[in-house]
Amino acid sequence: GVTGIVFDAPTATFHQDNSYTDSPFHGLWKIGDDHTFGSSLFVSANPDSRGDLEPLESEIYRVDAASGQLTRLTERFGPDSHPRVSPDGRRLAWLGFDDKGLSYANLRLHVRDLAGGSTRVLDESLDASIDAAEWMDNRHLAVSYDWRGRTHVARVAVADGRRTLLAEDLGGTALGRPYTGGALSAAGGRIAYTQGGPLRPADVSVISGSGAPRLLEPAHLLDRGAA
């Protein structure tokens with residue numbers, strides 16, 4: 001594992017000390033906001049000395065695993081999180097927004113060309129926060145977002161930002177409360193997600209391309225008479 005990490009359970013963050021890199025990096029890394037690709041680790045962090053006083057502020061950094069060198073990839077006032085590199089390594093996707101001091105702002109899906117540096121916001125017409133984004137292939141991202149009490153799963157084209165709705169039943173895995181949300185993963189042109197509702201545990205379904213969800217494995221194993 002990475003040395004110099006101290007887990008901070010109450011704030012769901014962990015602190016990085018200077019033993020891991022040669023540069024001062026006293027910031028906070030959010031759990032789940034790190035992503036590896038090749039010999040690089042992409043993280044969301046706020047290395048500023050006043051980072052504890054700016055709970056929303058974060059940027060995307062690339063950390064070279066061999067040298068520990070940090071490269072800052074984003075630069076604005078506002079949270080940038082959940083970095084994901086495309087399978088071919090050419091593009092970086094992440095979630096964030098410009099912090100204008102409002103009480104609420106939607107998390108937007110951003111994509112950057114790592115070679116040229118150009119950045120675009122995909123699907124600005126969606127009046128909802130993107131909860132998760134994963135690369136299906138080099139041309140499409142799978143995203144989830146809440147809409148009118150349901151969590152939707154959609155495919156977003158990188159070329160023009162076109163969003164294609166694929167499912168409206170991404171469900172949580174907690175039995176105590178029927179909250180929206182759940183888990184989503186994507187690779188090889190397919191999406192796997194927790195499919196469910198408020199009355200039963202979630203199942204796992206798979207979507208291939210733009211097809212219909214297909215139940216992969218029921219979660220209610222006790223119904224099969226398993227001992």
Shared hydrophobic cluster for [X] and [Y] (ILVMFWY, side-chain gaps under 4.5 Å):
X	Y	value
F77	F97	no
V85	L95	no
I130	V158	yes
V121	L107	no
V156	M136	no

Measuring from [X]:[atom1] to [Y]:[atom2], what's the distance to the nearest 0.5 Å?
X	Y	atom1	atom2	answer
R76	D98	CZ	CG	4.5 Å
S208	I191	OG	CD1	9.0 Å
E59	N46	CD	CG	7.5 Å
R155	H140	CZ	NE2	4.5 Å
Q195	L170	CD	CG	9.0 Å
T71	F42	OG1	CZ	9.0 Å

Locate the shortest heavy-atom distance separating [X] from [Y]; write the atom from each residue and the value.
X	Y	answer
S205	L215	OG-CA, 3.6 Å
T151	S144	CG2-CB, 4.3 Å
T194	A202	CB-CB, 4.0 Å
W94	S81	CB-O, 3.3 Å
P213	I207	CA-CG1, 3.8 Å
S129	A105	OG-O, 3.9 Å

Would one find more than 12 heavy atoms of other residues, nucleotides or ligands at under 6.0 Å from atom CZ of R139? no

Taking everything shown except R190 itself, do over 12 heavy atoms lie less than 6.0 Å from its CZ? no

Judged by atom type as modelled, is there a donor-acceptor pair below 3.5 Å linking the side chain of [X] to the main-chain atoms of [Y]?
X	Y	result
E57	G78	yes
D64	A66	yes
S118	D113	no

Quick one: do L122 and L141 satisfy side chain to side chain contact (heavy atoms under 4.5 Å, CB included)? Show the steps, please. CA-CA 10 Å; L122 302 183; L141 285 143; 4.2 Å; yes

Using the side chain to side chain contact (heavy atoms under 4.5 Å, CB included) rule, take Y193 and D169 through it: C-alpha gap first, then chi angles, then the decisive distance, then the call. CA-CA 9 Å; Y193 72 100; D169 55 359; 2.9 Å; yes

Is there a side-chain contact between Y61 and R72 (heavy atoms, below 4.5 Å)? yes

Determine the sole option in T74, V43, I60 for which the side chain to side chain contact (heavy atoms under 4.5 Å, CB included) test with P83 is passed. I60

Could you walk me through whether S44 and D80 pass the side chain to side chain contact (heavy atoms under 4.5 Å, CB included) check? CA-CA 7 Å; S44 169; D80 292 310; 5.6 Å; no

Can V111 and L92 be said to form a side chain to side chain contact (heavy atoms under 4.5 Å, CB included), step by step? CA-CA 6 Å; V111 172; L92 175 70; over 6 Å; no

Applying side chain to side chain donor-acceptor pair (under 3.5 Å) to S86 and not counting sequence neighbours gives D88

Listing request: all salt bridge (charged side-chain N to carboxylate O under 4.0 Å, His left out) pairs with a residue in residues 116-136, at least two apart in sequence or in separate chains. R84-E134, D123-R163

